[in-house]
Amino acid sequence: VDLQLPLYRHFAAAIVGADPTRVLTGYLQLPADPRKVAIELADFTPIEHASAIAKAIETIGLIRAGSFAPGSVGGRGPNRDDDPFRFILQTPVFAGGDGEEDA
């Protein structure tokens with residue numbers, strides 16, 4: 001959660017040689033009504049940014065170790081109904097939720 005913008009800030013600062021605390025990140029909101037176009041700047045604290053970078057480093061370490069299957073991070077099982085990533089990861093299909101466990 002809240003990993004994307006802190007990583008953008010981290011990498012953008014490295015590319016331009018800036019102090020990361022001076023780099024702003026956010027989203028451009030483009031609704032159907034052009035009068036409501038807005039820029040939403042992130043307001044993460046330094047602790048939240050550090051936590052995001054630490055989580056990215058942890059995740060990269062797991063991937064390099066070959067431990068990147070569903071359920072290997074955060075104790076989530078491969079087919080939990082409360083897993084917010086189950087549809088993105090296709091766990092209902094690829095983790096036996098389709099009735100083809102032995103396939």
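Quick note: numbers below take in every heavy atom, side chains included, and nothing from hydrogens, waters or symmetry partners.
Hydrophobic clustering of Ile, Leu, Val, Met, Phe, Trp and Tyr side chains at less than 4.5 Å, counting indirect connections, unites Tyr8 with Phe44. There is no path of hydrophobic side-chain contacts, each under 4.5 Å, that joins Val16 to Phe11.
In this structure the side chain of Pro31 reaches within 4.5 angstrom of the side chain of Val37, judged on heavy atoms. With a 4.5 Å cut-off on side-chain heavy atoms, Thr25 and Leu41 do not count as touching.
Pairing each heavy atom of Gly26 with each of Leu5, the nearest pair is O-CD2, 3.8 Å. In terms of heavy-atom proximity, Pro20 sits nearest to Ala13 at CA-CB, 3.7 Å.
Taken to the nearest 0.5 Å, the CD1 atom of Ile39 stands 10.5 Å off from the CG atom of Leu24. Note that the CD1 atom of Ile53 and the CD atom of Glu48 stand 12.5 Å from one another [nearest 0.5 Å].
Within 6.0 Å of CG on Leu30 lie more than 12 heavy atoms contributed by other residues, nucleotides or ligands.
Listed for the Ser51 side chain is no donor-acceptor partner under 3.5 Å among the backbone atoms of Ile47.
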Worksheet item: Would His49 and Arg9 count as a side chain to side chain contact (heavy atoms under 4.5 Å, CB included) if you check the C-alpha gap in whole Å, the side-chain angles of each, and the deciding distance to 0.1 Å?
Response: CA-CA 9 Å; His49 277 283; Arg9 182 181 93 155; 3.3 Å; yes
Item to complete: Please lay out, stage by stage, how Leu3 and Thr59 fare under the test side chain to side chain contact (heavy atoms under 4.5 Å, CB included).
Response: CA-CA 11 Å; Leu3 183 61; Thr59 302; 5.6 Å; no
